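Structure first, commentary second.
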Amino acid sequence: MAAVDTVPVRAAGPATPAAPGLLRRLLRDRVGAAALAVVLLFLLLAAAGPLIAALYGRNPVEHYGQDTPGLLSDGGLPMLPNGGISGDFWFGLEPGLGRDVLTQLLYGIRTSLLIALAAATVTTALGVLAGVAVGYLGGIADRLFGFLANVLLAFPTLLLLLALSPVVESRLVDPGTAEPEWMQFLVLVLVFSAFGWIPLALSLRAAVRSLRERDFVQSARAQGASRFHVVVRELLPNVRSQLLVHATMAVPTYVASEAALSFLGVGITEPVPDWGRMISRGSEVFRADPTYLAFPGVALLLFVIAFNLLGDAVRDALDPRSGTR
């Protein structure tokens, strides 16, 4: 009888662990984890702003320095050192009007975040619709979109924002009528959305043009899948990482842009608290009282840097080829 060769069966080893999720990869990155903590802190302060103000016993609109003698000098500067910081006013008083700085900062976070998140949502939706549709259709639609995008990108964005904001406001509000707060927010979101969707649309257009020739898309077409199915089930899941990174990077951009417009006197007006207007006011009295400028300046800088670092960390976490830092 012929001998039968036996092949030893190797014992099944432990299953290969699945790739770590986005949050786990993000937390492994020390810089990304620190940035996430700062971003969450700002979000928490924005959400809890009214509660903190109620417990603190101050609000961002009352003129404490003018209503209470001895808080402001004849020149409108806080009498106490370091911008009027005391047990009653933890971050001091605003020069001139004498408003509480802490509550202005808290409500200023809410103003910036509301505008930035709304603008990021609108621009992301427009960018997805335009980029995916044009990238998938190709042909004349692709060429027309490319020409339109290049024309719009040729305009100086900041100058257009400065020019368009008063025009939009004049169209939406009757002359002599006080502009409501919601109208100020809506105008800024519309102005930011007019140009903010173009970079994302161009990026998605290029990605979809590459994906539509891949085997899995061609297979779906061969099986009779509709265009809607191909776009929603085959293409969009493959560009989700770009959407997440874009949204993370767009928020600090809009926060800084809104502050810049407010600094220049366009956008959010009194009495709505705003970081840009606080920085503008602080620059006017910087030599006499540098403390007031420091608080909104540091807050804005920390906010933008944290969001930008978080965007970089999210991009690295979504790329399986990248290592954690």
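Just so you know, these numbers come straight off a predicted model, no measurement behind them.
Note that CG of Leu129 is 10.5 Å distant from CG of Leu204, once rounded to the nearest 0.5 Å. Put simply, CZ on Phe195 and OG1 on Thr123 are 13.5 Å apart, with the number rounded to the nearest 0.5 Å. Note that CG of Asn59 is 10.0 Å distant from CZ of Arg99, once rounded to the nearest 0.5 Å. For the atom pair Leu93 CG and Leu77 CG, the distance stands at 11.0 Å (nearest 0.5 Å). Here the straight-line distance linking atom CD1 of Ile85 with atom OG1 of Thr291 works out to 6.0 Å at 0.5 Å rounding. In this structure, Leu97 CG and Glu270 CD are separated by 6.5 Å, a value rounded to the nearest 0.5 Å.
The side-chain contact (heavy atoms from CB on, under 4.5 Å) test applied to Ser262 returns Glu258, Asp274, Arg277, not counting sequence neighbours.
Note on ring orientation: taking the six-membered ring where Trp is involved, the planes of Trp197 and Phe145 are tilted (angle from 30° to 60°).
Leu144 and Val132 are assigned to two separate hydrophobic clusters, defined by single-linkage of ILVMFWY side chains at heavy-atom distances under 4.5 Å. There is a path of hydrophobic side-chain contacts, each under 4.5 Å, that joins Leu40 to Ile52.
Considering Leu235, Asn238, Val134 as possible partners of Val208, the one that fulfils the side-chain contact (heavy atoms from CB on, under 4.5 Å) test is Leu235. Applying the side-chain contact (heavy atoms from CB on, under 4.5 Å) test between Leu300 and each of Ile109, Ile305, Ile279 identifies Ile279 as the sole match. Paired with Leu188 under the rule side-chain contact (heavy atoms from CB on, under 4.5 Å), one option of Thr111, Leu261, Leu114 passes, and it is Leu261.
The shortest side-chain heavy-atom distance between Val251 and Val39 does not fall under the 4.5 Å cut-off. By the 4.5 Å heavy-atom criterion applied to side chains, Pro50 and Arg110 are counted as neighbours. In this structure, Leu243 and Leu200 have side chains that are in contact, with non-hydrogen atoms separated by less than 4.5 Å. Residues Val239 and Val128 are not in side-chain contact: their nearest non-hydrogen atoms beyond the backbone lie 4.5 Å or more apart. At least one side-chain heavy atom of Met278 sits under 4.5 Å from a side-chain heavy atom of Val101. For the pair Asn308/Met249, a side-chain contact is recorded, criterion being any heavy-atom separation below 4.5 Å from C-beta on. Here the side chains of Val31 and Asp312 are not in contact, with every heavy-atom distance at 4.5 Å or above. A 4.5 Å side-chain heavy-atom check between Phe263 and Ser283 finds at least one atom pair inside the cut-off.
In the displayed structure, Asp67 atom CG is contacted under 6.0 Å by more than 12 heavy atoms of other residues, nucleotides or ligands.
Applying the ring-ring contact (aromatic ring centres under 6.0 Å, His included) definition to pairs two or more places apart or across chains, those involving residues 87-112 are Tyr56-Trp90, Tyr64-Phe89, Phe91-Phe295.
Nearest heavy-atom pair, Gln242 versus Ala207, reported as atom, atom and distance to 0.1 Å: OE1-CB, 3.4 Å. Nearest heavy atom pair, residue Val38 against residue Ala306, reads CG1-CB, 3.5 Å. Contact record, Asp289 with Pro78: OD2-CD, 3.6 Å, taken as the closest heavy-atom pair.
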Verdict with supporting geometry, Asp88 and Leu71, side-chain contact (heavy atoms from CB on, under 4.5 Å): CA-CA 11 Å; Asp88 296 326; Leu71 293 179; over 6 Å; no

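Here Leu55 sits in one hydrophobic cluster together with Leu51; the rule is ILVMFWY side chains under 4.5 Å apart, joined directly or through other members.
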